[in-house]
Undergrad: 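Provided herewith is a single structure, encoded as structure tokens, for subsequent inquiry.
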2 protein chains.
Amino acid sequence: MTSTLENSPTNSAYNALLAGCPTREVLNALSDKWVGLVVVSLADGALRYSEIARTVEGVSQKMLSQTLRSLERNGMITRTVTPSTPIRVDYELTALGAELLPILQAVKTFSEANIENIRDARVLYDLAN
Amino acid sequence: MTSTLENSPTNSAYNALLAGCPTREVLNALSDKWVGLVVVSLADGALRYSEIARTVEGVSQKMLSQTLRSLERNGMITRTVTPSTPIRVDYELTALGAELLPILQAVKTFSEANIENIRDARVLYDLAN
DNA sequence: CAGCATCCGTGCTGATACTG
DNA sequence: CAGTATCAGCACGGATGCTG
């Protein structure tokens, strides 16, 4: 009989619930403020730096650069420089990034679909506390 | 023929890519450091405060309390007090929280499944830069 | 047992200015 | 166009101590 450890649904050697687990780095990287929106902005294919900046409204150059650098370093996106004048830089999801995309899209969709439920819950909570 | 706006997959009135969109609050709330692991810890049903603390290794009481309070306020979990001695407090996912669970589990599973790919990517990136 | 209150360092964030 | 550099603020997060 196979045991059913529902809270251990993966057969991976790693478990982010454990303190020293290196996957916590990844979890932290994925919970950076702009990561979700930047990855989602690349859903339809490669985008230039300025196009991402326009798509992800409100992101500063610093934060966008930093986020792109982090995603590139973690193998989620590629960076392609075309040395034309003016210079052109395109960012595109890697296979790994494409695997991550639907997950982060789900987070975004969940937020958009339930924002009103959440607001209602907050009103109730704040009334009672 | 229906138009295919791939980057607008929802029919919601909200779009987190827009600067003033209230769903960004939710995105920020969901990217809090301990939210993912706490929600996942409740996958199998209600858990006591101390049980969550033990399951989510390394979380401080302050951060756990803060995270639970936030999740409760946003309608993701319920808090049930049993005034026995000693007191007993159980936390459980709401219907909304249960909807969020598989998404955050996917993030966790993705991290665990791809940590080695990510580490390799980092080594390559750091060598080249 | 289940927490809240407080202090305090560090690191994230954004604005501003500058460069190839 | 696509960034980097620097600075100032403050919020996040951890450690500690206390309470019903």
Side-chain angles (χ1 to χ4, degrees), chain A residues 16-17 19-21 24-38 41-42 46-74 77-92 125-126 128-129, chain B residues 16 19-20 24-38 41-42 46-74 77-92 125-126 128-129:
Chain A
L17 287 170
C21 189
R24 289 205 173 171
E25 303 166 23
V26 182
L27 250 33
N28 282 332
L30 293 183
S31 67
D32 278 353
K33 184 169 182 179
W34 297 102
V35 163
L37 294 179
V38 167
S41 78
L42 296 173
L47 240 49
R48 303 180 60 167
Y49 180 90
S50 54
E51 293 175 321
I52 303 174
R54 253 178 289 114
T55 304
V56 182
E57 286 189 8
V59 66
S60 65
Q61 294 106 328
K62 179 187 171 181
M63 281 303 101
L64 181 53
S65 294
Q66 193 173 299
T67 303
L68 289 168
R69 220 59 65 230
S70 167
L71 286 170
E72 186 192 0
R73 191 170 106 95
N74 289 318
I77 63 175
T78 58
R79 179 175 182 274
T80 308
V81 180
T82 305
S84 54
T85 47
I87 194 173
R88 172 191 182 105
V89 181
D90 289 273
Y91 293 91
E92 187 170 19
Y125 180 91
D126 291 344
N129 296 275
Chain B
R24 287 205 174 172
E25 304 166 22
V26 182
L27 250 32
N28 282 332
L30 293 183
S31 67
D32 278 352
K33 183 169 182 180
W34 297 103
V35 164
L37 295 178
V38 167
S41 79
L42 296 173
L47 241 49
R48 302 181 62 167
Y49 181 90
S50 53
E51 293 174 321
I52 303 174
R54 254 178 287 114
T55 304
V56 182
E57 287 189 7
V59 65
S60 65
Q61 291 110 330
K62 179 188 172 182
M63 282 302 103
L64 181 54
S65 294
Q66 193 172 299
T67 303
L68 290 168
R69 218 59 65 230
S70 167
L71 287 170
E72 185 192 1
R73 193 170 104 94
N74 289 318
I77 63 175
T78 57
R79 177 175 184 274
T80 308
V81 180
T82 306
S84 52
T85 47
I87 196 174
R88 173 193 182 108
V89 181
D90 289 273
Y91 294 91
E92 188 168 18
Y125 180 90
D126 291 344
N129 296 275

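Proteins come first, then strands; the chains are lettered A, B, ... in the order of their sequence lines, and each starts at number 1.
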Undergrad: Within this structure, what is the CZ-CG distance for the pair B/Arg79 and B/Leu71, rounded to the nearest 0.5 Å?
TA: 13.5 Å
Undergrad: Can you tell me how far CG of A/Asp126 sits from CZ of B/Arg73, rounded to the nearest 0.5 angstrom?
TA: 4.5 Å
Undergrad: CZ of B/Arg88 versus C1' of C/dG3: gap in Å, rounded?
TA: 16 Å
Undergrad: Measure the spacing between CD of A/Glu72 and OG of A/Ser65 and express it to the nearest 0.5 Å.
TA: 11.0 Å
Undergrad: Could you pull out the protein-nucleic contacts involving nucleotides 9-13 of chain C (nitrogen or oxygen on both sides, under 3.5 Å)?
TA:
residue, atom, partner, partner atom, Å
C/dT13, O4, A/Lys62, NZ, 3.3

Undergrad: Is there a side-chain contact between B/Val59 and B/Thr67 in this structure, where contact means two heavy atoms from C-beta onward sitting under 4.5 Å apart?
TA: no
Undergrad: Measure the OG-CH2 distance between B/Ser70 and B/Trp34 for me, rounded to the nearest 0.5 Å.
TA: 15.0 Å
Undergrad: In residues 46-53 of chain A, what residues come within less than 4.0 Å of DNA chain C, judged by heavy atoms?
TA: none
Undergrad: Can you check whether A/Leu42 reaches A/Ile77 side chain to side chain, under 4.5 Å on heavy atoms?
TA: yes
Undergrad: Roughly how far apart are B/Arg69 CZ and B/Leu64 CG, rounded to 0.5 Å?
TA: 8.5 Å
Undergrad: Between atom CG in B/Asn129 and atom C1' in D/dT4, what is the gap in whole Å?
TA: 14 Å
Undergrad: Hey, could you give me the CD/CG distance between A/Glu51 and A/Asp90, rounded to the nearest 0.5 Å?
TA: 7.5 Å
Undergrad: Taking all non-hydrogen atoms of both residues, which atom of B/Ser41 and which atom of B/Leu47 are closest, and how far apart?
TA: O-CD2, 3.3 Å
Undergrad: A/Ile77 CD1 to D/dA2 P: how many Å, rounded?
TA: 14 Å
Undergrad: Just the rounded figure in Å: distance from P of D/dA11 to CG of B/Asn28.
TA: 13 Å
Undergrad: In this structure, how many angstroms lie between the P atom of D/dG14 and the CD atom of B/Gln61, rounded?
TA: 11 Å
Undergrad: Measure the distance from OH on B/Tyr91 to P on C/dC1 and round it to the nearest whole Å.
TA: 14 Å
Undergrad: Bend angle of the helix from C/dC1-D/dG20 to C/dG20-D/dC1 from five-pair axes at both ends, rounded to 10°?
TA: 50°
Undergrad: Starting at atom CZ of A/Arg24, determine the distance to atom P of D/dG13, rounded to an integer number of angstrom.
TA: 13 Å
Undergrad: Closest heavy-atom contact between A/Ser84 and A/Pro86?
TA: OG-O, 2.9 Å
Undergrad: Between A/Glu57 (CD) and C/dG14 (P), how many Å, whole number?
TA: 15 Å
